[in-house]
Amino acid sequence: QVQLVESGGGLVQAGGSLRLSCAGSGRTFRSFAMGWFRQAPGKEREFVAAINWSGGSIYYADSVKGRFTISRDNAKITVYLQMNSLKPEDTAVYYCAANSQGVRATVHQYDYWGQGTQVTVSS
C-alpha cells in the first residue's frame, strides 16, 4: 500500500513560482513511477508530468514543458513539481499519483492517488 500527501499549493500571481511536494509512504514507494495531474473546475483530470523510479525517464505535457520540472528524492520518499512562469490557466487542484508500470500519462494507469492541493494563479 502506498499513501501520498501533497503540499505546497497556494495563491500566486501570474509569472510567479510554486513548488509542490508529494510525500509518500510504504516500502515499495521507491520502485514506483510517479506522476502529477491537475483538474480545473468543470474539466477532466489531465496529465502534467511523470518520472520513473530512478529519475532517469521524465515526460511532460506540452502545456507545461519548459516551465515545470518534476524530480524525486527517494531517500526522502518525496516527489516534487517545480512550477515557474505560472499562468492563470495553470489554476487547478494538483494531484500526485503512483504506479508500478513506469512513466505513464493517463489517469487510469495510476494505482494510488493523493488528496490534491489547490493552485490558484491570479492575472
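Atom set for the values below is all heavy atoms of this structure, side chains included, hydrogens, waters and symmetry mates excluded.
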[X], [Y]: one ILVMFWY side-chain cluster at the under-4.5 Å cut-off?
X: Leu86; Y: Val93; answer: no
X: Ile58; Y: Val64; answer: yes
X: Tyr110; Y: Val2; answer: no
X: Leu20; Y: Val12; answer: yes

Please list, one pair per line, the donor and acceptor atoms closer than 3.5 Å that link side chains of residues 46-56 to other protein atoms, with sequence neighbours excluded.
{"residue": "Glu46", "atom": "OE2", "partner": "Arg38", "partner atom": "NE", "Å": "2.6"}
{"residue": "Glu46", "atom": "OE2", "partner": "Arg38", "partner atom": "NH2", "Å": "3.2"}
{"residue": "Asn52", "atom": "OD1", "partner": "Gly55", "partner atom": "N", "Å": "2.9"}
{"residue": "Asn52", "atom": "OD1", "partner": "Gly56", "partner atom": "N", "Å": "2.9"}
{"residue": "Asn52", "atom": "OD1", "partner": "Ser57", "partner atom": "N", "Å": "3.0"}
{"residue": "Asn52", "atom": "ND2", "partner": "Ser54", "partner atom": "OG", "Å": "3.4"}
{"residue": "Ser54", "atom": "OG", "partner": "Gly56", "partner atom": "N", "Å": "3.2"}

I'd like to know if the side chain of [X] reaches the main chain of [Y], judged simply by a donor and an acceptor atom lying under 3.5 Å from each other, with no hydrogens or angles considered.
X: Asn99; Y: Gly102; result: yes
X: Thr120; Y: Leu11; result: no
X: Glu6; Y: Gln115; result: yes

Next on the checklist: Checking Gln82 now: which residues fulfil side-chain hydrogen bond (donor to acceptor under 3.5 Å, both in side chains) with it, not counting sequence neighbours?
Outcome noted: Asn84

Next on the checklist: Can you list everything that forms a side-chain hydrogen bond (donor to acceptor under 3.5 Å, both in side chains) with Gln101? Sequence neighbours excluded, please.
Outcome noted: none

Checklist entry - Can you tell me how far the OG1 atom of Thr106 sits from the CZ atom of Arg45, to the nearest 0.5 Å? => result 13.0 Å

Item to check | Value rounded to 0.5 Å, distance of OG1 in Thr69 from CZ in Arg19 | outcome: 11.5 Å

Would you call [X] and [Y] a side-chain contact if the rule is heavy atoms closer than 4.5 Å?
X: Trp113; Y: Leu4; value: no
X: Val119; Y: Leu18; value: yes
X: Cys96; Y: Phe37; value: no
X: Arg72; Y: Asn74; value: yes
X: Trp36; Y: Val79; value: yes

Item to check | Any pair counted as ring pair (Phe, Tyr, Trp, His ring centres under 6.0 Å), so long as it reaches residues 67-106, sequence neighbours left out | outcome: none

Checklist entry - Does CD in Glu89 sit with more than 12 non-hydrogen atoms of other residues, nucleotides or ligands closer than 6.0 Å? => result yes

Checklist entry - For Tyr112, does the OH atom have more than 12 heavy-atom neighbours from other residues, nucleotides or ligands under 6.0 Å away? => result yes

Checklist outcome for this item: salt bridge (Lys or Arg N to Asp or Glu O under 4.0 Å) filter on Lys43, not counting sequence neighbours, yields none

Checklist entry - Who pairs with Arg67 by salt bridge (Lys or Arg N to Asp or Glu O under 4.0 Å), at least two apart in sequence or on another chain? => result Asp90

Item to check | Heavy-atom pair of closest approach, residues Ser123 and Ala14 | outcome: CA-CB, 4.4 Å

Item to check | Met83/Leu81 under side chain to side chain contact (heavy atoms under 4.5 Å, CB included): CA gap, chis, key distance, verdict | outcome: CA-CA 6 Å; Met83 305 186 295; Leu81 185 68; 3.9 Å; yes

